[in-house]
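Within every chain, numbering begins at 1; the chains are lettered A, B, ... in the order of the sequence lines, protein sequences first and strands thereafter.
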2 protein chains.
Amino acid sequence: MTKALDRREKQRADLVLSAERMIATRGLAGLKTRDLAREIGCANGAVYNLVADVDELVLRVGSRTLLRLDDALSAAVRAGNPSPKETLVRIAIAYCDFAAENLQLWRALFEHRMETEKALPDWSVDDQLQLFRHIYQPLAALLPKRDAEELGITARSLFSAVHGMVALGLEQRLVAVPLPALRKEIASLVRAMIDGLVAQAA
Amino acid sequence: MTKALDRREKQRADLVLSAERMIATRGLAGLKTRDLAREIGCANGAVYNLVADVDELVLRVGSRTLLRLDDALSAAVRAGNPSPKETLVRIAIAYCDFAAENLQLWRALFEHRMETEKALPDWSVDDQLQLFRHIYQPLAALLPKRDAEELGITARSLFSAVHGMVALGLEQRLVAVPLPALRKEIASLVRAMIDGLVAQAA
DNA sequence: CAGCAATCTTGAACATCGTTCAAGAAATAT
DNA sequence: ATATTTCTTGAACGATGTTCAAGATTGCTG
């Protein structure tokens, strides 16, 4: 009994890893159930014994990506002991670097939710909310007058603004921005946003 | 001779309009060639006499959306005669409002480019570059020391940041942000960015 | 260990797409 | 009026996500 379930569990893990590799190399659109089945050595129909549908699979891969992103941001904060302002700049740069290094997986995070209207499972929502905590703490130090709710909103806005710069910056279609230039732009605008916010608060 | 070409031209326009309606009501994923053919009264294969593929169709719809967006931003700038700073805030709010009012069509603008790897036709790229000019002028007034290239980069960064706030803010999945609250957040952060940029320049 | 029941796995089949193309219809030229 | 060119049609193709009845496997019991 447990033997069979263990095997299922292991095969499910294989499936998620295969899906992750496939998205990383061919993009979200390149994820095909038949190819996955071949890679993990089962019939294409068997994929649906491990996972309800591809949506769940993409969500599971997304969860892993968010976890690695969280690690990357944590590492950026941990290095050295800079001012709150420079910590926020580091987080922004780390976000940019992570997106650049994990381009397809990072894109899948945002491309996918657009397609489906189904509600996200709780574990997936939790993953996402965790990201803001990196921003919250340094922001609280910079804006001591703001209450928790205001800080939460501002943290989300800051994150969104940086996300936008990274998203459009890495979109090579329009104007190809070299990565170092993008990093500089982001650092500069993050500093401006913080300076502006602090000045407004005074 | 011209008779047939005229009819083609008219049917092509019908096709684009039908596609626009379909994207607006059902989203980009709800765009189906067979439904389009039925709506404009032709065989499904005939769609490919009017347009090379759905990509081109989506791009044509996108061009119309960008044109309307441009109009909306122009109108926002024209109203009253505010300071450069408040002009930039108005542009940001107008962008947010346009996205909210044209949610599916606006999303299609960014969802689509992610899927295809083909190079965009020139007319489509031109449309996009035009948007930055609204931001460029007030920014130049605020940052007289910067040269044209720096201003262009900063204008793009500002646009990207606002885009990010709108994109994640209208994504109802995570935390539902009421539109008025989103508008306030955007106005506040845009003012902060501008204040910060001006202070840095001094 | 044998036999039975429950469960899992399989791969063929289904529905839905975008896209193509040979054949027939229509328009134009002679 | 006829011939030639052009356009239109809708059936067919190849992919793809998903389902499901039938067969294989596993786990339990005497």
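- Counting to the nearest Å, the P atom of C/dC17 and the OH atom of B/Tyr48 are 12 Å from each other.
- Between the CZ atom of A/Phe98 and the CD1 atom of A/Ile91 there is a distance of 15.0 Å, given to the nearest 0.5 Å.
- No donor-acceptor distance shorter than 3.5 angstrom exists from the side chain of A/Ser63 to the backbone of A/Leu59, with no hydrogens or angles considered.
- Of the possible polar contacts, one joining the A/Glu150 side chain to the A/Asp147 backbone as a donor-acceptor pair under 3.5 Å is found.
- Annotation: proximity of residues 17-25 of chain B to DNA chain C (heavy atom, distance under 4.0 Å) is found for no residue.
- For the segment residues 31-43 of chain B, the set of residues with a heavy atom within less than 4.0 Å of an atom of DNA chain C comprises B/Leu31, B/Lys32, B/Thr33, B/Arg34, in numerical order.
- The distance from atom CG of B/Leu57 to atom C1' of C/dT19 is 14 Å, rounded to the nearest whole Å.
- One can place CZ of A/Arg8 at 18 Å from P of C/dA6, the figure rounded to the nearest angstrom.
- Checked by atom type and distance alone, the side chain of B/Arg12 pairs as donor or acceptor with a backbone atom of B/Leu50 at under 3.5 Å.
- Salt bridge B/Arg78/B/Asp71: absent, no basic N to carboxylate O contact under 4.0 Å.
- Inter-residue side-chain proximity for B/Asp195 and A/Gln200 is flagged as met; some heavy-atom pair is nearer than 4.5 Å.
- The shortest distance between side-chain heavy atoms of A/Leu170 and A/Trp106 falls below 4.5 Å.
- Between the CG atom of B/Leu50 and the C1' atom of C/dT20 there is a distance of 16 Å, given to the nearest Å.
- The residue among A/Asn44 and B/Asn44 whose nearest nucleotide of DNA chain D is located toward the 5' end is B/Asn44.
- Side-chain N/O atoms of B/Asn49 include one lying less than 4.0 angstrom from OP1 or OP2 on D/dT8.
- Once rounded to the nearest 0.5 Å, the distance linking CZ of A/Arg60 with CG of A/Asp55 reads 12.5 Å.
- Nucleotide D/dT16 holds its P atom 14 Å from the CG atom of A/Leu28, rounded to whole Å.
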